[in-house]
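Notes follow once the structure below has been shown.
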Amino acid sequence: MSIDSSDLFGPIEPPPAVRTVSVLVPMPAPRPYSYSVPEGMAVEPGSVVQVPLGPRQVIGAVWEGGDEGVDPKKLRPITKVFDCPPLSKEMRDFVDWVAGYTLSPPGLVARMALRVPNAFDPEPMVEGLRFVGGEPERMTPARARVLDAAGDELSWTRIGLAHAAGVSTSVVDGLIAQGIFETIFLPPPPIVAKPDPDFAPSRLAGPQKEAADEILEEVRNGQFAVSLIDGVTGSGKTEVYFEAIAETLKRGKQVLILLPEIALTASFLERFQDRFGAKPAEWHSDLAPKTREKVWRQAVTGEVRVVAGARSALFLPFEDLGLIIVDEEHDPAYKQEDRVYYNARDMAVVRARIGDFPLVLVSATPSVESQVNGQSGRYTTIHLPTRFGDAALPDLHLVDMRRHAPERGGFLSPVLLRAIGKTVEKQQQALLFLNRRGYAPLTLCRVCGHRFQCPQCSSWLVEHRFKRQLQCHQCGYHQHTPEACPECGTFDHLVACGPGVERIAEEVERHFPEARTIVLSSDIMGGVKRLRLELDAIAKGEADIVIGTQLVAKGHNFPLMTLVGIIDADLGLANGDPRAAERTFQLLSQVTGRAGRTGLKSHGLLQTYQPQHPVMQAIVSGDAGAFYEREIAERERAILPPFGRLASIIVSAETRQDAEGHARGMRNAAPQVTGISVLGPAEAPLALVRGRHRFRLLVHGRRNSDMQAYLRTMLAQSPKERGSIHVQLDIDPQSFL
DNA sequence: AGCACGCCGACT
DNA sequence: GTCGGCGTGCTC
C-alpha cells in the first residue's frame with residue numbers, strides 16, 4: 001500500500017510557473033537565449049537587461065522569438081533590469097532586419113545599439129544650490145559678492161557660484177550653513193543646447209529654394225520617402241538639407257545626420273551652429289567614453305534632438321527619430337567590413353522605412369546604386385547643377401599627355417608647369433593631386449631587373465625616400481632601403497619607377513625653388529593633430545603649392561586655392577575593381593571641387609592619356625549623365641545577363657584556384673542557382689582579398705530572399721566556413737527595398 | 001564575442 | 001622541467 005504524499009503534507013501545490021523570456025545576448029548565437037524572470041521583476045520586449053552568460057555578466061535586450069525547447073535546467077535568472085527606456089518595436093524590427101539581410105547573428109547587431117558600458121542607468125543627479133532668501137548674520141564683502149553673483153538665477157553649482165563671485169568655496173559653504181542657500185538635486189545638464197529651427201532662417205533663393213521646398217513637402221508629409229540631392233560641390237546642399245532638419249525639429253522629432261568620419265569636422269559643426277544656434281551632438285569612434293554615454297542616454301530619452309555621427313550612429317536607439325540625412329552618400333566609409341558587414345547608407349534607408357519617416361541622401365557624385373534608384377523613381381532626385389552665391393566651378397581642361405609630354409624623368413606637363421607658375425606669381429595656391437603615397441611605387445635593379453616585392457603578399461614595395469624605407473601598402477611590411485640589389489649585389493643601380501607624392505614634390509621644388517611646398521599624405525609625421533595644423537596653415541595661405549593624396553579631397557576650404565592639377569587622372573582606372581570608374585569619377589570631382597569655392601577665378605588641369613574616357617569627359621563637361629548611363633549598363637552586363645535573372649554569385653578568394661574550388665562546391669551544393677562565376681584576386685576589389693578572411697562571397701541578385709535562402713543552405717552545409725564568409729549585397733541597387 | 005581548455009615549441 | 005603560442009568548443 002502506498003502513502004499518498006498529500007496525506008502527509010496536504011494537497012500538492014502546482015509548482016510556481018517559471019516566467020521565461022528570450023534575451024538577445026551580445027555574441028554570435030543564431031537566436032536569442034532563454035532566461036527566467038525572478039519573482040517581482042518587470043520586463044517587456046526591448047528591456048535592457050544584465051544576464052549571466054557562461055562565467056560573466058553581459059548586457060542584452062529582451063526579445064521576441066527565442067528558443068522554445070530549451071532544457072529548463074539550463075535556465076538562469078536575469079540579473080537586473082536597467083532603468084532605461086526599452087528598445088522600441090521599430091528598433092527591434094530594425095535589428096532583426098539588418099541581421100537577416102547581412103546574415104549576421106542578431107545579437108551582434110543589437111550589440112551595436114548597446115555598446116555604451118555605463119549608459120543604461122539614468123545619469124546621476126547633479127548637486128546644485130538654490131537661493132532660499134534672507135541675509136546672513138554677518139555680511140562680509142565676500143558674502144555680498146556671492147549674493148550679488150547669484151542674482152536672479154535659480155540654481156547654481158557650489159563651485160560654479162564660488163567661481164562666478166570670485167571667492168573660495170568656503171564662503172559659499174558658510175552661506176549654506178546659514179540657510180541662505182540650500183542643496184538641491186538637478187537633472188544632469190544636456191550635452192548640447194537645443195537647436196532652434198528659427199535661429200538663423202535660410203536665405204535660400206532660386207534652385208536651392210526650390211530644392212528645399214521639394215524636400216520640405218516630404219518632411220511635412222512625414223512618411224517614408226527618399227530624396228537624393230545631387231548637387232555639385234559648393235551648390236548649397238547643406239543649406240538645403242538644413243531646412244529639412246528645421247522642419248523636422250518643428251514637428252518635434254529627432255534628426256540623425258550621417259557623415260563619413262572624416263567629414264565630421266569642426267567646420268561642419270560650426271555651420272550647423274550658425275544655422276541653429278547650437279551644435280549637434282557628435283557620435284564617432286573616438287568620443288570620450290563619458291561623452292559617449294551621455295549622448296547615448298540623451299538620444300534614448302529624447303533630450304538630444306540632433307545627432308551628427310559616423311556610420312555607427314545609425315544604431316543609436318533614438319526616442320523619436322523623424323529624419324535621417326546621409327551626407328556624402330557615395331562614400332565607401334559607410335561600409336563596415338568587420339563583424340557585421342553593412343552599408344550604413346542602405347541600412348539608413350531601411351531604418352527610415354521601418355520607422356516610416358523621410359530620408360535625404362546627399363552627394364555631389366551619387367553612387368551608381370542611388371542613381372539607378374533615382375531613375376527608376378524609387379528615390380526623388382533633386383538636381384543642384386550650379387554653385388551657390390558668388391562661387392564658381394573651376395574651369396576644367398584635359399591635358400593630353402601624348403601631346404604634352406613632360407621632360408625626361410618628370411611627370412608634370414609643360415602646360416601644368418606654366419599654370420603653376422602663373423598661380424604662384426599671383427600669390428594664389430596650387431593643389432597637385434596624386435593618389436599615391438611615398439616616392440615611387442616600384443623599385444628595380446637596372447643591372448639584373450630585380451623588382452622589390454613584398455615577401456608576405458607579393459605586391460610591389462613602395463619607396464618612401466624621406467623615411468628611407470621600402471613599404472608594402474597592402475600588409476604594412478617595411479624594410480630599410482638597401483643600397484645594393486639583393487639579387488645580383490650591384491651597388492647604386494636601383495631605380496625608382498613611376499611617381500608618388502614625394503617624387504612630385506621633388507620635381508616641383510626643382511622648378512619652383514622659391515615657392516613654399518607642402519606634401520600631405522596619411523604618412524605625415526605627427527598624426528591627425530599635425531594634419532589639422534597643416535590644413536589650417538594652408539587655409540591661411542602659408543603655402544604656395546600643396547601636393548597631396550586623397551586626404552586633400554574632403555572637408556577643408558582653401559580660399560586661395562585657384563589651381564588644381566591632377567597628376568595622373570588615369571590612375572585608379574586600371575585596377576580590377578568593378579567600381580574603378582565610379583571611384584575615379586567621385587575622387588576627381590571632389591578634388592577639382594576644392595578650387596574656386598570663395599569666388600576667385602579658378603582652373604583645373606587633368607593630365608591624362610585617355611582623354612576620350614567617359615570619366616574624363618564627365619568631369620570636364622560637368623555632365624555626368626552619359627558616364628552614369630555607361631556605368632549602369634556595365635554593371636547590368638557584368639552582373640545579370642550571363643547568369644539569368646534568378647541570381648548570380650561571384651566568388652573571390654586569395655588565389656584563383658581557391659576561388660574555383662569554392663565555386664565548384666557551390667555549384668554542386670545548389671544546382672538551382674543559375675550563375676556562379678569566379679573572380680581571381682587580380683580582378684576582385686582589393687578590399688575583398690585583404691584581411692584575415694579566407695574567402696568571401698560577393699552576392700548579386702534581384703531577389704534577395706532567394707539569395708539568402710541559398711546562402712543559409714551554404715552556411716548550414718559548411719559550418720566551419722561560417723566565420724569566413726562575407727556577403728555583400730549592396731552592389732545590387734534593387735535588392736534592399 | 002569572450003573565455004576556458006588543451007596540446008606542442010623556446011626559455012628562466 | 002615550465003611559459004605561452006593560438007586551435008577548438010561553449011555559453012540559455
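Below, all heavy atoms of this structure are taken into account, side chains as well, without hydrogens, waters or symmetry copies. The sequence lines fix the lettering, A, B, ..., with proteins before strands; numbering per chain opens at 1.
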* To do: Under 4.0 Å between any heavy atoms, over every strand shown, what does A:R56 touch: base, sugar-phosphate, or nothing? Just pick one.
  =>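 Contact class for A:R56: base.
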* Using a heavy-atom cut-off of under 4.0 Å over every strand shown, decide if A:P52 touches base, sugar-phosphate, or nothing. =>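 Result for A:P52 = sugar-phosphate.
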Starting from [atom2] on [N], measure out to [atom1] on [X] and report it in whole angstrom.
X	N	atom1	atom2	answer
A:L114	B:dA1	CG	P	17 Å
A:R111	C:dT11	CZ	P	20 Å
A:M27	C:dG9	CE	C1'	12 Å
A:K74	C:dT11	NZ	C1'	8 Å
A:R19	C:dC12	CZ	C1'	16 Å
A:R31	C:dC10	CZ	P	15 Å
A:I78	C:dC12	CD1	C1'	11 Å
A:Q57	B:dC3	CD	C1'	15 Å

* Do the side-chain N and O atoms of A:E329 and A:S367 include a donor-acceptor pair separated by under 3.5 angstrom? ->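 A pair is found: one side chain offers a donor N or O, the other an acceptor, under 3.5 Å apart.
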* Is it true that A:R92 and A:D96 have a side-chain N and a carboxylate O under 4.0 angstrom from each other? ->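 Salt bridge flag = no for A:D96 with A:R92.
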* To do: Measure the shortest side-chain to side-chain distance between A:Q471 and A:R437 over non-hydrogen atoms and say whether it is less than 4.5 angstrom.
  =>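 Yes, their side chains come closer than 4.5 Å.
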* Can you tell me how far CZ of A:R351 sits from CG of A:D93, rounded to the nearest 0.5 angstrom? ->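 Answer for the CG-CZ pair, A:D93 versus A:R351, is 11.5 Å.
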* The side chain of A:P55 lies closest to which of these nucleotides: B:dC3, C:dC12, B:dA1? ->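 Looking only at heavy atoms from C-beta outward on A:P55, the closest nucleotide is B:dC3.
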